[in-house]
Amino acid sequence: MTSQNQLLTAPFLQLPSETSVRVVWFTEFAGTRHRVAYGENFAQSVVATTTKLSRTREDQESKVGNQTEDNQYQQPTRRDIWRHEAEVAELTPGKRVPYRVTSVQEDGASVTSEVFTLAPKPPQGTPLKILLTSDHQLKPMTAANLQKAVETMGKFDAVFMVGDLVNVPDRASEWFDDNRGGAFFPCFQGRAKTISDRNGIKTVYRGGEIIQHAPIYTAIGNHEVMGRFSMDKSLNEQFDDSFPRKAAEEIYTKNAAQLNNSDDPKVREAWLKDNSFNTDTYEEIFTLPQSKEGREKYYALTFGDVRLVVLYATNMWRYWGLEEKTRGRYRERGQDLNNPENWGYGQHIFEPIAKGSKQYKWLETELSGSEFREAKYKMVMLHHPPHSLGDNIVPAYTDPVQVREVNADGSIKSIRYQYPKEADYIIRDVKPLLESAGVQLVFYGHSHLWNRFVSPRGMHFLETSNVGNSYGAAVGDKKRPVPDGFNKENYAVTGDPNGLEAVVPTIAPLMGEDGKPLPYVASNEITAFSILDTGTGTVSSYRFDTVEESEVVKFDEFRLN
Ligand SMILES: [Fe+2]
């Protein structure tokens, strides 16, 4: 927990327009007179609007305050956190000005941040450096990654982050003050403290002072989604307990009289949210562009010469094994078979994206609009990989097909899930749409490795999620986990299941044990980051060996067509 006289985060920038930008920060006190002072001698100021996060909690597995082992919290406990946001307006495009924020506590003491700089959206034609990142999740190398990114590039103009910001989004300390030092905001604000220990030589990484100066745009990954709400079950269990909205609606309909006897639509909506899944904490923390159809969940924006389309394409991650006790991606747990309220429904998709869905139609409209068509750089980001050597691209991104075996008495004997590859919505529906609209770069994460691909028509694919750790590349003897009896044509154990060859990095690939260049970075010692430079139209990737502590190496570069 923060002591009384400090802010919970440094301020950070959100949602710039041509002449304004929002400044956001958090405190653990309600306080008064929260404001931003800016400009020459901080002569101008603007008052913030304060809201309170509605779902942030800690529990027995939180690493916060003095709690290192399971002691301080015995069960989920609400944690009061206030969010302050002020819009600084009438700014001059292209001009950066200093700012700082102040909050006044109940006892009258005021707390002021350090000084940072803000700017509105850059005008078209401005050369920009944009950090492309994802999958931080408090992993061991995240702070080193962001620190090296700043040391290498200086200030960024924006951050595009393609999901999985923390592990369990309702656990407050994962965002603000996990006591192992690697929470989301500390890493992105240069206030982290993660220690790498190499043969007794300790190096402290502080992360990078990035989002105080540059707006961050994010996509929803599976780790932004909380499952069914509870004040008893641990936060990890709740995170694992997402339930399809449709299945929740069926339960609701059966019990509507009891759950909502006045038939209040608000009561219905709240019940459905608490009994399926939600992204409330994520949405409450960030102020992002919005679409009419998807609000903050999927949207598009223009930033300098870039038109960025952000999709909500992520599904529940479940374990692959077929053990009797597994509520997994391929089966229901033996004890739950005749109790549908306990089913996991496999790797169900949170927001439809298949052809004909609301999101798909929105995407079609966006891609045919003038802002997209006229943009110099056309980019799409989504959490789930269209092409990857990583594990998480299998099974296919499609609605799980439930297969039931029934006993003679009508009871259920087994439930399995299949994921037909020909119905992969990203490959079948979304990719052709992006390709025919002239998208140059598709950016994603989720599998925790760096690799990239180019389609025959020249569309680039980049997965830059080897940031904090790796889940490996499925190449050669390192096979994806697919249970026996699942056909390997449909569930590829190695390579890109969707038919592209990974591109060998153009400058300095890592070498395999056989002395041949590797077309990926999948390492728990070497971290990678990527930069889009709109001045040159290039995407450059850098790696840094956290064990050797050698120089940062630019290992790959490609140009957007
Ligand atoms: Fe993910």
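As the structure lists them, so they are numbered: ligands from 1, and atoms in each ligand from 1. We count residues from 1, following the sequence as given.
- Residues Lys129 and Leu532 form no side-chain contact, since every pair of their non-hydrogen atoms from C-beta on lies 4.5 Å or further apart.
- In this structure, Tyr360 and Asp429 have side chains that are in contact, with non-hydrogen atoms separated by less than 4.5 Å.
- For Asn222, the nearest N, O or S atom to the Fe ion (ligand 1) falls under 2.8 Å.
- Side-chain atoms of Val467 and Asp135, non-hydrogen and from C-beta on, never get closer than 4.5 Å to each other.
- Nearest N, O or S atom of His446 to the Fe ion (ligand 1): atom ND1.
- The atom of Asp164 that is an N, O or S and sits closest to the Fe ion (ligand 1) is OD2.
- For His383, the N/O/S atom at the shortest distance from the Fe ion (ligand 1) is named NE2.
- The distance between the ring centers of Tyr345 and Phe243 falls below 6.0 angstrom.
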